[in-house]
There are 2 protein chains.
Amino acid sequence: MVRELSDRQRRIYEFLYDYIRAKERAPTVREIGEAVGIPSTSVVKYNLLKLAEEGLIEYNPKIARGIRLIGEAVRRLADSIRIPILGPIAAGQPIPVPDTSLDYERTIELTRDIVKNQKGIYALEVQGDSMIDALIHDGDIVLMRYQPTVENGELAAVWLRREEEATLKRFYLEGDRVRLQPANPMMKPIFVPADNVEVKGKVVCVIRRLDS
Amino acid sequence: MVRELSDRQRRIYEFLYDYIRAKERAPTVREIGEAVGIPSTSVVKYNLLKLAEEGLIEYNPKIARGIRLIGEAVRRLADSIRIPILGPIAAGQPIPVPDTSLDYERTIELTRDIVKNQKGIYALEVQGDSMIDALIHDGDIVLMRYQPTVENGELAAVWLRREEEATLKRFYLEGDRVRLQPANPMMKPIFVPADNVEVKGKVVCVIRRLDS
DNA sequence: ATTATATACGAACATATGTTCTTTGTCAAG
DNA sequence: CTTGACAAAGAACATATGTTCGTATATAAT
């Protein structure tokens, strides 16, 4: 079933993908022919039917601009997720957490390749170099999942009550104390009493945008 | 400008929304008329133009099924970009660069919020902790733009010819030598002769996925 | 050489689909 | 009442767009 696509078929498919993404509608047979360099509309149709046989597109006879992409391709088009950027995270400041207010000033748009499960996800922008031990830089975007506990070994955003300090470290509960391990293996862990640690969420992803 | 919509116009808009979401294409004038109970195609057109005036839809004259929804409703549908992951980047290994072969084993899907301009972008997966001075961790995905030179101060992927070593550092050309500055401000720069440095590209973004 | 199959061409054709135009009805303003 | 703006109908029209068909070429199998 999975035959090789001919060169033309591949080019048609790519054109369809680009066109649909750009215009949110399918091209006509003639538009395809012109773009791919096929002079005859019947040949375009012939190859479209091949693509449909391969399960790559949906071909709706007699319907103007009736082609649809199928499967993986559409999922890519359809799926992106908007995550709110709640605010800055810095060593000496409380960690922002989600509230019920519905609109946020800033958001970031991501795909499912980055965030598998959108539930409880929010973003913070790192301010300052205080989390450099976690290999996190000034300006980085940290994606967090809001949850009051984490598994041992997960990278957590924690608030140290006594020190009134926010930090990002790997979390290990060891008896009645907590070992907070920097991501940088050259750096030593710190140990704090368990009741001094308030887990604010789990770090799911770190994004560092350096340039357009 | 923000006039009240007539009942018909509201029903047309709702129908458009449902239809497009279900079929990924716009209905024809006649389909709209039938669904909303308008017997005359000209009346459908009349009301579509009203909706377009209000900025609710995009009306493309003479194009079959040329209606588009405008605004938040559709925004989610549009843009994501597939970037190939060419391979690992590690201290002691040559840096992979794009070639002409068209399909890649692994890719990552991103949005324009991450990659503004797709041109020349590829991804590498960091192997090992040798780039920890650049605040880059084992397993991180590094997005690169393939280019043979970089501006001073940009984070570059460079190949040190003599040492046969790959590294990611901020690049400063100073006379006939190059200063390579780690991202971690606590660490000292290294200086190398300019002809020992081969720039492989610019680092555009770093992504660290910790967990689904 | 012959046959079969996949692919391609181009023109004529069919119809799906947008557009125009004339007429009509409603309703508020003058 | 008359006028004008707005909304609607329906039919005729124009064209955008899919389809069919006779023919042709290349390649591989017989």
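No hydrogens, no waters, no symmetry mates; every other heavy atom, side chains included, goes into these values. By convention in this document, chain letters (A, B, ...) are assigned in the order of the sequence lines, proteins followed by strands, and residues within each chain are numbered from 1.
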Exercise for the section: Could you verify whether a donor N or O on one side chain and an acceptor N or O on the other, from Glu163(B) and Asn196(B), lie under 3.5 Å apart? Expected result: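 A pair is found: one side chain offers a donor N or O, the other an acceptor, under 3.5 Å apart.
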Spacing between [X] atom [atom1] and [N] atom [atom2], to the nearest angstrom:
X        : N       : atom1 : atom2 : value
Glu34(B) : dG10(D) : CD    : P     : 14 Å
Ile38(A) : dC9(C)  : CD1   : C1'   : 11 Å
Leu48(B) : dG18(C) : CG    : P     : 9 Å
Asn60(A) : dT17(D) : CG    : C1'   : 14 Å
Arg65(B) : dT15(C) : CZ    : P     : 17 Å
Leu49(B) : dT19(C) : CG    : P     : 8 Å
Glu31(A) : dT15(D) : CD    : C1'   : 14 Å
Ile63(B) : dA14(D) : CD1   : P     : 21 Å

Problem - Step-by-step salt bridge (Lys or Arg N to Asp or Glu O under 4.0 Å) determination, Arg65(B) to Glu31(B) - result: CA-CA 10 Å; Arg65(B) 300 173 181 275; Glu31(B) 283 173 326; 3.2 Å; yes
According to a strict under-4.0 Å criterion, is [X] in side-chain N/O contact with OP1 or OP2 of [N]?
X        : N       : value
Lys45(B) : dT17(C) : no
Arg8(B)  : dA7(D)  : no
Lys62(B) : dG18(C) : no
Arg30(B) : dA16(C) : no
Lys50(A) : dA6(C)  : no
Asn47(A) : dA8(C)  : yes

Problem - Aromatic Tyr172(B) / basic Arg179(B) pairing, under 6.0 angstrom, 45° off normal - result: yes
Exercise for the section: Give one of base, sugar-phosphate or nothing for Val43(B), where a contact means two heavy atoms less than 4.0 Å apart. Expected result: base
Practice task
Output yes when Asp140(A) and Arg209(A) qualify as a salt bridge under the 4.0 Å nitrogen-oxygen rule, no when they do not.
Solution key: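 Judged by the 4.0 Å cut-off on N to carboxylate O distance, Asp140(A) and Arg209(A) do not form a salt bridge.
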Handout entry: Side chain of Thr41(B) (C-beta onward), nearest among dT19(C), dT17(D), dA9(D)
Key =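 Output: dT19(C).
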Practice task
Counting heavy atoms from C-beta on, name the nucleotide in dT19(D), dT19(C), dC6(D) closest to the side chain of Tyr46(B).
Solution key: dC6(D)
Practice task
Please answer whether the main-chain N or O of Thr149(B) pairs with a side-chain N or O of Gln147(B) as donor and acceptor at a distance below 3.5 Å.
Solution key: yes
Practice task
Assign each of Ala64(B) and Pro39(B) to its nearest nucleotide of DNA chain D by heavy atoms, then name whichever residue's nucleotide is nearer the 5' end.
Solution key: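 Its nucleotide being nearer the 5' end, the pick is Pro39(B).
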Problem - Donor/acceptor link under 3.5 angstrom from Ser42(B) side chain onto base of dG10(D) - result: yes
